[in-house]
Amino acid sequence: MGFNTKIYLLDIASVQDDTTGKRTLTVIKKTAVFADKQEVGLQEYYSAESNKKELVAVYEIPAHMYHNESYIFVDNTQYKISRAAKGRSLGYIRLPCTKCQKKDIVEDLSI
């Protein structure tokens, strides 16, 4: 149970280009955090499945590092945080993740 996986917590917003008027997804805030990658538990899996979500992984991080970000970037893949849950103790928070839909993926993360 060590924090052995480096993840990036991302805040993403749709920003309009002034010259072309085209909207693109852009990373507004990016925070690097070491997390404890955990398997999805049986109860979490079936709870998410009943809400038509497929959990991929669960990352546990120190609670003071999480500031309501919506996405995680790890191993060249972007995931959506489905919710924040309590961790193993008061100082930790669990972030269950689902696969991102194509419309939510940022092409240029430059991490």
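These numbers come from the heavy atoms of this one structure, side chains and all, not from hydrogens, waters or symmetry mates. Residue numbers run from 1 in the order of the sequence given.
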His67 versus His64, closest heavy-atom pair with distance: NE2-O, 3.2 Å

pair Tyr59-Val33: side-chain heavy atoms closer than 4.5 Å: no

Smallest separation among heavy atoms of Phe34 and Lys6, with atom names: CE2-CB, 3.9 Å

Atom CG of Asn4: over 12 foreign heavy atoms under 6.0 Å: yes

Minimum heavy-atom distance between Ser82 and Leu55, given as atom pair plus value: OG-CD2, 3.8 Å

Side chain to side chain contact (heavy atoms under 4.5 Å, CB included) assessment of Ile12 paired with Thr26: CA-CA 6 Å; Ile12 296 174; Thr26 307; over 6 Å; no

Val58 versus Pro96, closest heavy-atom pair with distance: CG2-CA, 4.1 Å

Worked verdict on Lys37 versus Val74 for side chain to side chain contact (heavy atoms under 4.5 Å, CB included): CA-CA 11 Å; Lys37 183 178 180 182; Val74 61; over 6 Å; no

Pairwise side-chain contact, Ile72 with Leu9, heavy-atom cut-off 4.5 Å (strictly under): yes

pair Ser70-Ile81: side-chain heavy atoms closer than 4.5 Å: no

Greater than 12 external heavy atoms within 6.0 Å of Lys29's NZ: yes

Separation of Tyr8 OH from Glu69 CD (nearest 0.5 Å): 14.0 Å

Separation between CD1 of Ile7 and OG1 of Thr31, rounded to the nearest 0.5 Å: 10.0 Å

Near-ring test Phe3/Tyr92, centroid separation under 6.0 angstrom: yes

Donor-acceptor pair, side chain of Gln78 and main chain of Cys100, under 3.5 angstrom: no

Given Thr98, Val56, Leu10, the one that forms side chain to side chain contact (heavy atoms under 4.5 Å, CB included) with Tyr79: Val56

Atom pair CD (Glu60) and CG (Leu95), whose distance is rounded to the nearest 0.5 Å: 9.0 Å

Heavy-atom check, side chain of Thr24 versus side chain of Asp17, under 4.5 Å: no

